[in-house]
Each structure stands twice: as C-alpha cells, then as structure tokens.
Amino acid sequence: MKNEMTVTVKDQLKNELVKGSPLITKEGLRGEIDAPQGTLLRLVDEDGQFLATGYYGEQNKGVGWVLTRNQDEAIGQAFIERKFETALSRREDFFNNPETTAFRVFNGEGDGLGGLTIDFYAGFYLLSWYSEGVYSLRDEVVAALQNVTNCIGIYEKKRFDTKGQYIEDDDYVAGERGEFPLIVKENGMNFAVYLNDGAMTGIFLDQRDVRQAIRTKYAEGKTVLNTFSYTGAFSVAAALGGADKTTSVDLAKRSSAKTIEQFSINGIDFEEQDILVMDVFNYFKYAKRKGLAFDVVVLDPPSFARSKKFIFSAAKDYTGLMKQAIDITAPQGLIVASTNSASFNMKKFTHMIEKAFKDTDQKYKIVETFTLPADFHVDRRYQEGDYLKVLFLRLL
Ligand code: SAH
C-alpha cells in the first residue's frame, strides 16, 4: 500500500466514522476512487479536515476499511505487527487451553484490519483475504505473522473474485506444509480439517459454543436432526453428548464421506447414525409424510443457496424453513435456529422466527441465544460485524 490519495467524505459517512465505524461505503464518498485497490485513502470531511486513513478494497459490503485515526501513523509491517500483538493477547486463554486447538486469532475489522481474518489450527495459520486491496499487503502480513507467532506453516484462502467467491489455488503460503487431514481439538472433540482443499476447511469455528451447548445440555437420550449438516459437526457434538441417534442431511455428495470421517475420529460408530445426501427441502417433505418427529432439530442454512429445485435466501425464506422444521419437531422438542447472514440483525431474525410459530399456531420460548464467540472479536463500535445469530427454541 504505497499509493495514497485524498478522498472527501460526505457528512453522513463522516458521522458514522466519528462514532467509530470502520467501514468505508461507496455512497459515503464524494466522487469515484480513481486508483488501484490497495491504495491508501486519506479521508477528509467537506472542510478538508482529516478524519482517518483507510484503504481501498472492494467487498460486498463497502469499498474499504479505516486503518487508523492518527494522521501520523504509518501503514506497513510495523503497523500490522502491532495489530497482531493486540489480537494475540486477546486470545491468551485460547492459546493456553489444550482442549481447544482451533480458533480465530484475527477477526478483520474487529481487530483493526478489515478484510483479513486469520484462524489458528493446531500450529498452522490460515489467512482469508476478502479483497484484492487487502491482498496487496500480503508480504507484510506474512512477515508480521512469522515475527509475532511460532507458526509451523501458513495457508491462505483468496475470497475476492468478482463475485466475492473463493479463488481456487494451492493455498500454501510459507513454513512447513501440513499433512491433511490435520486433527484439531475443540472442547476435547476431534475435528479433521483440510487447509488445502477448497474454500472451506471442514469446520466452522464460529459455532464452537453452540456445539458445546448441544453436547452438554440438549443431546442426551434425544433424536437429533442436523440439516445443512456439511461435515456433521453438530451431529458429532450431539452423538458425544449421548444422543440416541443423529440424522445428518446435506446436498453435497462429499458431505457423506466427510461426516463419516468426523464420526470416526471421535470413536463414534457412523453406521449407527443416519447420513443422507439429499436436498433438505425434500427431506422435510419425506419426514412429514412418514410422520417423523425429532427431539432436536438443527437449522444452519447458508445465507444463500441454489439447489436443483429451490433457491433459498435466509433473508427471505427463513420463516418458511422454520415452519417446515416445526412440523417435524416432537412435542416439547428443541429447534436450534442459526443464520450467518449479515444482511439482517438479531431483531429481524427473532421476528422471522416469531412469525413461523404464529403461522403454525405453536407456542414456544427462547431458551438460549448465541452470537459470535469471544475469539471472533467484534469492535463494540461496529456491532454489525457480529453476523452470527443462533436461537435455541423450546416448543411448549
Ligand atoms: N451447519 C454446518 C455448516 C453448513 S454450511 C456446520 O455447522 O458445520 C452449508 C451447507 O448447506 C453446505 O454443506 C451445503 O452443501 C448445504 N446445502 C445448501 N443447500 C442445501 C439444500 N437445499 N439441502 C441440503 N443441503 C444444502
């Protein structure tokens, strides 16, 4: 990030920035940014007063992030090292806990550098880049990380093609190459992860506390349906928590082998569990026809998904999904409703859930609420960074 340009900020964005928001929006700027991504932006108000220094990086939200509000602070490797040091000190408890060896060490704007997240997997570090702009800092980021940690090896995911999707690549960056699957621990459970195999690693670290709650409080002696199950992480937690039986449903063909693998490394006989490669919406119809009723139903759909017959958008379709789940939940059963959609907040999510219960004439109460766990550090002045919303709903 060597180039720099001055950009004028309109009053509305100025107010947001002054309140502490780190997000630079396109509409908030006067004129276009006529420079390559990665250019440093000297943000000034309509009177030319300095507000902050940020960088230009196109993401689905915004065109960049604030880096510093100190006019004299230089942006380079030393700046990044300071951010990393602070982030690492926030996670000391995680580093000292041998029962959990996979967690987030750097959470983008929550840790002072939007567009970059870093996850720790048993000594390996995984960088996720969310814009070409932040990727222009790659050399400095890698050097800084090697300076402030004892990393074994570094991998990366580039998530910034024109559609904001993952760019297929080797993913290896520096240090030793890992042997995959790498087995990590989470509250004593084992999970197989792959840092070199596509966009996803095999586990979503932000659901750690939810898995632990299911395992320790809600699974014992229950039948558990895990929809959109991916590698079956919620099913593993439920099985280890003493579930009578788990049923995992996911459309992706590879989900079956991946789920078998996660069960196996936890000493669970996968043949006693149901693992179905199937469209969840077809499964709901099948289960209803058969009169099935589960004690616990986990709903964790992607924000947006297209299958052969259906297009699902969490923002539009969550109420409908919930209604179908309610239909196949046993009396006094529990629904774990989760969404990672950043396009609506907890209030709207709660309303969507409420509507589903109203439409089905079913009484319920919210027994637990989860947002991002502590390692996904959120800046208190930018709560929009907390995209995760999970409600545990008890049917009455
Ligand atoms: N709940 C999982 C993560 C889900 S990721 C966990 O905690 O690990 C989203 C998953 O939904 C993907 O594995 C994808 O294959 C699956 N998926 C998307 N649309 C689907 C559909 N219509 N039916 C079944 N699975 C679907």
Side-chain angles (χ1 to χ4, degrees), residues 102-104 119 121 157 159 165-166 181 184 186-187 189-194 197-215 218-219 224-241 246-263 265-266 273-287 296-318 320-322 324-325 328 335-342 370 372-373 376 387-392:
F103 51 90
R104 177 148 296 186
D119 295 320
Y121 288 97
K157 304 288 174 198
R159 299 174 182 277
Q165 298 288 316
Y166 168 75
V184 299
E186 177 188 280
N187 293 312
M189 294 182 266
N190 294 320
F191 287 107
V193 302
Y194 298 78
D197 186 23
M200 305 192 286
T201 63
I203 183 168
F204 288 99
L205 300 175
D206 53 3
Q207 297 279 15
R208 177 188 316 109
D209 295 348
V210 179
R211 281 187 285 271
Q212 183 69 346
I214 290 174
R215 179 185 179 187
Y218 301 100
V224 178
L225 172 65
N226 180 11
T227 62
F228 307 95
S229 57
Y230 180 43
T231 61
F234 286 124
S235 309
V236 168
L240 289 175
T246 66
T247 303
S248 305
V249 184
D250 196 291
L251 191 63
K253 285 207 178 62
R254 57 191 308 200
S255 66
S256 169
K258 295 270 183 193
T259 303
I260 290 173
E261 177 176 45
Q262 303 294 22
F263 277 132
I265 60 169
N266 283 286
Q273 315 293 328
D274 277 346
I275 303 170
L276 307 170
V277 175
M278 183 169 187
D279 193 309
V280 163
F281 297 97
N282 287 334
Y283 183 78
F284 280 135
K285 283 188 202 138
Y286 161 85
V296 178
V297 176
V298 180
L299 291 179
D300 182 30
S303 300
F304 190 82
R306 186 189 295 269
S307 60
K308 274 199 197 110
K309 281 201 207 141
F310 309 98
I311 295 179
F312 174 84
S313 139
K316 285 216 272 332
D317 305 322
Y318 213 105
L321 178 68
M322 262 307 281
Q324 289 175 282
I328 58 163
I335 298 177
V336 178
S338 170
T339 180
N340 62 2
S341 174
F370 288 87
L372 283 176
F376 284 64
Y387 56 84
L388 186 69
K389 298 166 275 294
V390 186
L391 297 172
F392 281 50

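What you see is a predicted model; the values in this text were computed from it and never measured. Counting convention: from 1, in listed order, for ligands and their atoms alike.
Using a 4.0 Å cut-off between heavy atoms, Met200 makes no contact with ligand 1 at all. Under 4.0 Å from ligand 1, heavy atoms of Tyr230 appear from its side chain as well as its backbone. Contacts of Phe312 with ligand 1, taken as heavy-atom pairs under 4.0 Å, are absent altogether.
Contacts of Asn282 classified as side-chain contact (heavy atoms from CB on, under 4.5 Å), with partners at least two apart in sequence or in another chain: Met278, Asp279, Lys285, Lys309, Phe310.
Regarding atom 5 (S) of ligand 1, its nearest protein heavy-atom neighbour is Phe204 CE1, 3.8 Å.
Remark: the Thr227 side chain and the Tyr283 side chain contain no N/O donor-acceptor pair separated by less than 3.5 Å.
At a 3.5 angstrom cut-off on N or O pairs, Asp250 counts as close to ligand 1. Polar contact with ligand 1: absent for Phe281 (N/O pair, distance under 3.5 Å). Some N or O of Phe228 is nearer than 3.5 Å to an N or O of ligand 1, by distance alone. The distance criterion of under 3.5 Å between nitrogen or oxygen atoms is met by Leu251 with respect to ligand 1.
Across the listed options Asp300, Leu276, Val277, Val236, Asp300 owns the non-hydrogen atom lying nearest to atom 3 (C) of ligand 1.
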N/O donor to acceptor pairs below 3.5 angstrom from side-chain atoms of residues 254-262, sequence neighbours left out:
from	atom 1	to	atom 2	distance (Å)
Arg254	NH2	Asp197	OD2	2.7
Ser255	OG	Ala252	O	2.6
Thr259	OG1	Tyr230	O	3.4
Thr259	OG1	Ser255	O	2.6
Glu261	OE1	Tyr194	OH	3.0
Glu261	OE2	Tyr194	OH	2.7
Gln262	OE1	Ala192	N	2.8
Gln262	NE2	Ala192	O	3.2

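Of the listed residues (Ile275, Thr246, Asp274, Val298), just one forms a side chain to side chain contact (heavy atoms under 4.5 Å, CB included) with Ser235, and that residue is Thr246.
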